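Let me begin by presenting the structure, written as structure tokens, before commenting on it.
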Amino acid sequence: MIKIPTLAALAAESKEAEILFWVGCAGSYDARAQKVSRALAQILTEVGMEFAILGNEEVCTGDPARRAGNELLFQMSALQNIQTLDAYGVKKIVTACPHCFNTLKNEYPALGGTYEVIHHTQLLQELISSGRLVLKGGGAFKGKKITYHDSCYIGRINGVYEAPREVLEALDADLVEMKRCKTKGLCCGAGGAQMWKEDEPGDKRINVERSDEALETGASIVAVNCPFCMTMMTDGIKARDKQDDVMVFDLAELIIQHNAQ
Amino acid sequence: MIQQIVFSLLTLAVFFVAGRQFWHIRNKIFLGKAEPIGGDTGKRWKHVLLVAFGQQKMFSNWIPAFFHLCIYVAFLFTQIELIEILLDGFAGVHRFFAPILGIFYTLIISTIEVLSLLAFVATLVFLVRRNLLQVPRLSKPEMKGWPALDANLILVAEILLITGIFSMNGADVLLQQLDPAHYPDTGRLLISSFTGPALFGALDTQTLVVVERFGWWLHILVVYGFLLYLPFSKHLHILLAFPNTYFASLEPRGAMENMPEVMQEVKVMMGLAPETSGSDTDELPDFGAHDVFALSRLNLLNAYTCTECGRCTAVCPANLTGKKLSPRKVMMDIRDRADEVARTIAASDGKLHPKNYDDGKSLFDYISKEEIHACTTCNACVEACPVLINPLDPILKLRRYEILTQSEGPAEWLPMFNSIENAGSAWAISDPRDQWTTAS
Ligand code: SF4
Ligand code: SF4
């Protein structure tokens with residue numbers, strides 16, 4: 001159990017936070033993604049960052065609604081969030097969800113909400129390179145083959161390719177790229193509100209196609225940066241019955257594992 | 001003299017007809033909604049320079065990029081020769097620039113010859129690739145019929161054009177020695193000074209004159225044919241790539257276009273903005289797009305610029321896994337629908353115009369719901385397009401129409417919508433939102 005203050009609690013003591021941790025729906029409710037939220041919170045706590053969450057005042061950014069075509073619902077969610085964020089005078093936001101990241105960073109400004117938004121992989125890279133986050137331990141990943149899956153919303157859509165890779169390098173891992181990576185990375189199949197529906201009829205599920213590519217690298221760990229990719233890659237690997245040999249982890253979890261040894 | 005008159009009349013006629021055709025294309029693009037074109041003009045010109053002129057995006061795949069570049073640069077340089085042909089044709093002179101430019105002339109024509117030879121090889125490679133090799137992106141269902149023929153026709157035209165250039169130059173080299181008064185010295189042309197004697201060395205003067213004229217006319221006729229054909233072909237991209245890259249969005253890629261009309265309504269609902277008077281008596285506008293009129297002009301310019309190369313479809317995760325969605329087909333469908341609308345308007349004797357247009361059809365007769373539902377908004381198509389077309393934008397506009405105007409859409413999305421609306425979360429889970437901090 002970690003004690004994370006909410007902005008409301010801080011405001012009651014007339015305090016402010018250095019940064020707001022935007023948890024998102026998956027990070028709040030999905031059992032697997034909750035672990036990532038806790039891993040990130042643990043790291044931020046350990047480096048002594050003064051961060052806070054919105055807790056029950058956070059609502060869905062509206063990304064899946066907007067991409068499904070439901071602009072009305074998106075606007076309702078977004079305007080409510082902007083009201084909350086502005087009430088607390090939030091300036092800087094970190095999130096572990098690329099969809100929340102993209103919506104907060106690129107779409108809220110047109111609705112009147114402008115904040116400095118960074119993705120947790122960027123923050124982790126910054127913390128490592130500034131020496132604030134020290135990677136200790138005996139190199140749990142030394143020489144271990146790890147492949148990195150670029151999420152569309154962090155990679156191709158927002159151009160963040162290097163920060164997550166630098167984190168993996170700092171972990172001393174042996175990074176093996178998939179055939180399609182960086183600008184050409186293949187989607188896991190969840191974006192655009194696909195997460196909430198079955199694939200349309202076809203020959204293959206998209207997540208299985210991508211998982212096959214990850215398996216081809218021979219890596220024992222698939223590193224991801226997105227809760228949806230996490231679900232899709234885990235399911236895809238399970239579909240090939242490889243769940244005992246190949247694990248899917250978020251970068252924040254890998255750092256925790258590294259430092260635990 | 002007769003040649004001069006025939007040439008002049010023909011040229012004027014071709015330019016007139018082609019001009020009209022291009023005007024029609026412009027009108028079809030203007031069926032769409034005007035939209036503000038803001039942002040940094042410098043960035044826009046940079047796109048034109050790097051992406052259209054410099055073919056930057058082609059080079060993510062070197063082999064086709066190289067062969068395409070051969071044809072493209074040959075095309076650019078041949079324009080210089082074309083200017084001379086026009087001058088010669090109107091004035092009834094021969095190789096107007098040769099005496100004026102001297103050594104530079106030899107240089108320019110030699111360059112054109114080398115490029116033409118490269119283009120010739122590239123054209124053969126492309127013909128083989130299109131027709132003998134099974135390249136997946138070139139043999140998808142939407143490429144059957146006219147699109148495949150269109151691609152081949154141009155390649156054949158390219159071969160004819162190059163045949164014209166080398167007949168004309170080759171015969172000319174020999175004629176310069178036989179009749180220097182009428183055939184000004186071009187200097188030693190890099191290729192024709194060899195191929196000329198080799199191919200035509202045995203011919204008499206009379207025949208050589210015919211060969212030279214044949215090459216010259218073939219050259220200009222292919223060019224005119226191309227010009228007239230362009231508006232009906234995917235090759236329109238050689239012109240439209242320039243405006244298309246200029247007008248391409250400068251917004252962050254991940255930002256969907258905001259709908260201020262919806263925002264206003266929601267603000268009123270939430271008590272964030274005062275009610276505008278009389279708004280409830282107005283008919284609700286259609287949201288999103290189901291026909292070309294609700295698309296933007298940029299969407300339509302995109303559709304007419306599309307070269308049907310299929311780079312977008314080849315990287316589309318939905319298409320790769322056998323779904324019906326193909327971003328290229330979306331662009332082709334928009335263009336075909338715009339063509340249909342324009343034809344129907346033209347045939348209606350002024351009865352139909354964009355404001356009252358109704359033929360009982362819409363874009364949904366071309367693009368099925370199944371197709372638009374398959375998109376993951378991954379932006380791979382946007383990244384892949386060599387001329388900065390955005391196939392995702394119209395897909396999302398069609399989704400907006402389906403959800404907001406038709407109140408339809410995949411049933412599986414309803415629980416997500418309801419949950420966001422009622423519980424502020426994309427999943428209906430009754431735990432407090434910060435539950436994750438306590439569990440372990
Ligand atoms: S954005 Fe949609 S259409 Fe474009 S490549 Fe991705 S899934 Fe295919
Ligand atoms: S949209 Fe672009 S990538 Fe796709 S077929 Fe057309 S030109 Fe090629």
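To find a chain, count down the sequence lines: A is the first, B the second, and so on, and within it residues start at 1. From a predicted model like this one, the values you see are computed outputs, not experimental measurements.
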Considering all heavy atoms of both residues, which atom of Glu71(A) and which atom of Arg400(B) are nearest to each other, and what is their separation? OE1-NH2, 2.8 Å
Asn299(B): side chain to side chain contact (heavy atoms under 4.5 Å, CB included) partners, not counting sequence neighbours: Leu295(B), Ser296(B), Asp393(B), Pro394(B), Lys397(B)
Using side-chain contact (heavy atoms from CB on, under 4.5 Å) as the criterion, point out the one residue from Pro317(B), Cys316(B), Cys378(B) that pairs with Leu186(A). Pro317(B)
Which portion of Phe228(A) sits near chain B, non-hydrogen atoms under 4.5 angstrom: side chain
Does the side chain of Gln75(A) come under 3.5 Å of the side chain of Asn258(B) through a donor N or O and an acceptor N or O? yes
Per-residue tally against chain A (heavy atom, under 4.5 Å) across Thr321(B), Ile403(B), Asp434(B), Leu272(B) peaks at Thr321(B)
Under 4.5 Å from a heavy atom of chain B, the part of Glu58(A) involved: both
Of all heavy-atom pairs between Phe417(B) and Leu73(A), which one has the smallest distance, and what is that distance? O-CD2, 3.4 Å
Check whether Ala65(A) gets within reach of chain B through its side chain, its backbone, both or neither, counting any heavy atom under 4.5 Å. both
With chain A, which of Ser60(B), Pro260(B), Ala423(B), Pro415(B) has the greatest number of heavy-atom pairs at distances under 4.5 Å? Ser60(B)
Non-hydrogen atoms of chain A under 4.5 Å away: do they reach the side chain of Pro432(B), the backbone, both or neither? both
Turns out that what part of Glu402(B) lies under 4.5 Å from chain A's heavy atoms comes down to neither
Under a 4.5 Å heavy-atom cutoff, which of Ala110(A), Ser37(A), Gly185(A) has the most pairs with chain B? Ser37(A)
Note: vs chain B, highest number of non-hydrogen pairs under 4.5 angstrom among Glu209(A), Lys35(A), Lys184(A) is Lys184(A)
Contact class of Ser77(A) relative to chain B, heavy atoms under 4.5 angstrom: side chain
What option among Thr377(B), Ile429(B), Leu325(B) has the most heavy-atom pairs under 4.5 Å with chain A? Thr377(B)
Looking only at side-chain N and O atoms, does Asn102(A) offer a donor or acceptor that is under 3.5 Å from a partner on Arg253(B)? no
Bottom line for Met270(B): the part with an atom under 4.5 Å from chain A's heavy atoms is side chain
All heavy atoms of Pro64(A) vs all of Ile420(B), minimum pair found to be CG-CD1, 4.2 Å
With a 4.5 angstrom heavy-atom cut-off, could you sort out which part of Glu57(A) is near chain B: side chain, backbone, both or neither? neither
Could you check which of Ile53(A), Thr103(A), Val23(A) has the highest count of heavy-atom pairs closer than 4.5 Å to chain B? Val23(A)
Heavy atom to heavy atom, less than 4.5 Å: which residues from residues 4-13 of chain A reach chain B? Ile4(A)
Residue Glu50(A) excluded, over 12 heavy atoms near CD under 6.0 Å: no
Leu404(B) versus Gly69(A), closest heavy-atom pair with distance: CG-O, 3.5 Å
Segment of Tyr153(A) engaging chain B (4.5 angstrom heavy-atom cut-off): side chain
Note: Arg67(A) and Leu396(B) closest approach over all heavy atoms is O-CD2, 3.7 Å
Exceeds 12 heavy-atom contacts within 6.0 angstrom, atom NZ of Lys324(B): no
Cut-off 4.5 Å, heavy atoms of chain A, and the answer for Glu371(B) is neither
Which region of Ser419(B), side chain (C-beta onward) or backbone (N, CA, C, O), has a non-hydrogen atom less than 4.5 Å from a non-hydrogen atom of chain A, or is it both or neither? neither
Supply the atom-to-atom distance Leu414(B) CG to Lys197(A) NZ, rounded to the nearest 0.5 angstrom. 13.0 Å
Phe293(B) meets the ring pair (Phe, Tyr, Trp, His ring centres under 6.0 Å) criterion, sequence neighbours left out, with Tyr357(B)
Sidechain-backbone polar pair: Trp196(A) side chain, Ala426(B) backbone, donor-acceptor under 3.5 Å: yes
Counting heavy-atom pairs closer than 4.5 Å to chain A, which one of His373(B), Lys267(B), Glu421(B) comes out on top? His373(B)
Picking from Glu251(B), Met256(B), Met416(B), which has the most non-hydrogen pairs under 4.5 angstrom with chain A? Met256(B)
Tell me whether the rings of Trp436(B) and Phe21(A) are parallel (<30°), tilted (30 to 60°) or perpendicular (>60°). perpendicular
If you count heavy-atom pairs within less than 4.5 Å of chain B, which of Ser151(A), Ala68(A), Ala78(A), Cys152(A) leads? Ala68(A)
Side chain / backbone / both / neither for Arg210(A) at chain B, heavy atoms under 4.5 Å: neither
Among residues 188-195 of chain A, residues within the sub-4.5 Å heavy-atom range of chain B, in order of number, are Gly189(A), Gly191(A), Gly192(A), Ala193(A), Gln194(A), Met195(A)
As an exercise: rank Leu398(B), Thr376(B), Leu320(B) by heavy-atom pairs under 4.5 Å with chain A and give me the winner. Thr376(B)
Does atom NZ (Lys204(A)) have a neighbourhood of more than 12 heavy atoms from anything else shown, all under 6.0 Å? yes
Between Glu200(A) and Lys323(B), does at least one N-O distance fall below 4.0 Å, as a salt bridge requires? no
Who among Asp199(A), Val208(A), Asp63(A), Asn158(A) has the most heavy-atom pairs with chain B under 4.5 Å? Asp199(A)
For the atom pair CE (Met263(B)) and CG (Leu79(A)), what is the distance rounded to the nearest 0.5 Å? 7.0 Å
Working to the nearest 0.5 angstrom, can you tell me the gap between Leu72(A) CG and Phe287(B) CZ? 7.5 Å
One should read off an interatomic distance between Asn56(A) CG and Gln435(B) CD, to the nearest 0.5 angstrom, of 10.0 Å
